[in-house]
Amino acid sequence: MSIRVFEGFKFKPKGTYFYKLDPRVKMSFLIVYSILTLYFSTVVPLSILFLFSVVIVVSNRVAKEWGRTLRAVALLSLVIFSFNLLFGAKGNKLNYASSMTLRFLTLTSFFSIFFLTTTPEELSEALLLIGIPYEYTFMFMMAMRFIPTLARDFQTIIDAQRSRGLELEKGNFVQRARKLLPLLIPLIVLEIRRSVLIAEALEARGFGTSAKRSTLKEYRLSKVDLYLLFLTITFATSLILSSKLPPYSEIMNYRLPELVP
Amino acid sequence: MAVAIEVNDLYFYYERGKYVLKGINLTVRDGEMVAIMGNNGAGKTTLIKHFNGLLKPIRGSVKVKGRDTKGLSVAELARTVGLVFQNPDHQLFAETVEEELAFALRNFGYPEDIVKRRVEWALTLMDLRKYRHRSPLSLSGGERKRVAIASVLCYDPEIIIFDEPTIGQDYYQKQKIAQLLRMLSRQGKTVIVVTHDVEFVAENFERVIVMADGKIVADGNVREVLTDPEVISKSNLLPPQVTHCAWLLKDVGISPKLIKVSELVKEITRLFHEHKGI
Ligand SMILES: Nc1ncnc2c1ncn2[C@@H]1O[C@H](COP(=O)(O)OP(=O)(O)OP(=O)(O)O)[C@@H](O)[C@H]1O
Ligand SMILES: [Mg+2]
């Protein structure tokens, strides 16, 4: 169940148009829309952004995987909503809570689109292109690569300890917290052992010897890339402009009514 | 004899529709010693996880000592069924070997004096006395495996299942494990061992179950199963080296049904004497 959250963040080959884009374009797309999502704080533009992401998801046939992740974070967004509604900033709490929740969902959605349609190789290429050193990019890639392995290890550890009579469901809060030790210690030890092993294997094969790396695939911007880049910029600019200029700005900055205390 | 484990038409999948076990039927009687073989991914580990309730059948049933596992928790079943996992690193966590062995006993709520006695017994049995105060994580791979075995043996379950106990053991320790299995069997325990080591099976077991692709392709006497060319090829097994030799020497009159080194030696000696006689 918990592993399902990641389903919308794992590459899923479908071959639709978004897959064919240059990783740099996809990265810019992600960055532009993440910034936009953080820039707006009212319900209307955030809803537009969310719907826009849904259009991309559906037209790329990844709705199933995307849906799993969104459903998995639904509970979390409910928590965000109620927290903000109860303890949120002064002023219009309903409006604030709704926009924060929408913002969270929209961000999740855009990240999900990016990870669903980008292979790990493209991802590392994209990270390199925004200036992150290869060592860090590589580290990040390895971490991503090992999430499913880690999940499987953890399941086996739980099974092994349950076979020795560990009952996770029993006991009060403190007792239950103590029962995490037999689960977490093997996991941490196992992963440290594994990372040392990987580091040694990498060094043995000369990782980091050459400063300049070449890549198997060279990326060139195609026509579709340029179209999408153009579209992204136009859409983003028009969203920002319409929030500044009347008569649209009134709709864009619409606030939900205050809840009667 | 009474039935220890009864599996009826068991089907199981991890991901919907991708069946890993497809209609398993088997019965293990009290006190039997059974080996389970089969290529990687055949479903052996998945099958034995059904024996202590970690996994529940999607179709069919698993009964342990006559009780259906469906309604039982792992903790309830674990007292009767001990399961030693493939990789000891998936379970070792305590500060000392002693503590590691006491873990299961304390979970089952045994009083401290019994815990102490049982730990002492298991330490001796698995040749671990000198490591009792060491951290189990600091031991060698083979030693860690022995701690994992001891940590299950110490609470004396009636049915004991090992997932690949001989991996990473040197020849001496492998012999010790074989001895241990026979000792447990003599004490009346039901012993089930998953292994890839066909020589180990040939020398130490009477009954073997061979799995391939989620199904049981053979179940019976070790000699009959391991010398059956059809079973061997269907399950991607290699026959014991002795059997292989015997097959190649068939033309000079050696029986193709040999599985133990001692048998081959006897057979060759017999032939030798016969020919000297001519
Ligand atoms: N937790 C899991 N989630 C999904 N699939 C799994 C899981 N565990 C095992 N499988 C799959 O089920 C199949 C059977 O695995 P299993 O571990 O039972 O094989 P095995 O016979 O024990 O193999 P080995 O000899 O390698 O230990 C394999 O195809 C494996 O990929
Ligand atoms: Mg296995």
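In what follows, chains carry the letters A, B, and so on, assigned in the order in which the sequence lines appear, proteins first and then strands, with residues in each chain numbered from 1. The figures that follow rest on heavy atoms only: side chains count, while hydrogens, waters and symmetry mates do not.
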- Message: How close do Gly165(A) and Ala78(B) get, counting heavy atoms only, and between which atoms?
- Response: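 That closest heavy-atom pairing would be N-CB, 4.4 Å.
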More than 12 heavy atoms of other residues, nucleotides or ligands under 6.0 Å from [atom1] of [X]: is that the case?
X         : atom1 : answer
Phe111(A) : CZ    : no
Phe207(A) : CZ    : yes
Lys64(A)  : NZ    : no
Lys63(B)  : NZ    : no
Lys116(B) : NZ    : no
Lys12(A)  : NZ    : no
Tyr17(A)  : OH    : yes

Part of [X] within contact of chain A (heavy atom distance under 4.5 Å):
X         : answer
Leu54(B)  : both
Ser151(B) : both
Asn52(B)  : side chain

Gap between atom [atom2] of [Y] and atom [atom1] of [X] - 0.5 Å precision:
X         : Y         : atom1 : atom2 : value
Arg162(A) : Ser73(B)  : CZ    : OG    : 8.0 Å
Gln91(B)  : Gln161(A) : CD    : CD    : 6.0 Å
Asn107(B) : Ser163(A) : CG    : OG    : 11.5 Å
Phe93(B)  : Leu187(A) : CZ    : CG    : 14.0 Å
Arg152(A) : Tyr14(B)  : CZ    : OH    : 7.5 Å
His90(B)  : Gln155(A) : NE2   : CD    : 10.5 Å

- Task: Indicate yes or no: at least one non-hydrogen side-chain atom of Glu100(B) is less than 4.5 angstrom from one of Arg164(A).
- Result: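 In short, these two side chains touch, coming nearer than 4.5 Å.
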- Query: Side chain, backbone, both or neither: which part of Leu190(A) has an atom under 4.5 Å from a heavy atom of chain B?
  - Reply: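 Answer is side chain: those atoms of Leu190(A) sit under 4.5 Å from chain B.
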- Heavy atoms only, distances under 4.5 angstrom: which of Tyr155(B), Phe85(B), Phe108(B) has the most pairs with chain A? Name it, please.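 Ranked by heavy-atom pairs under 4.5 Å with chain A, first place is Phe85(B).
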- With chain B, which of Asp153(A), Thr156(A), Asp159(A), Ile188(A) has the greatest number of heavy-atom pairs at distances under 4.5 Å?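 Maximum pair count with chain B is reached by Asp159(A).
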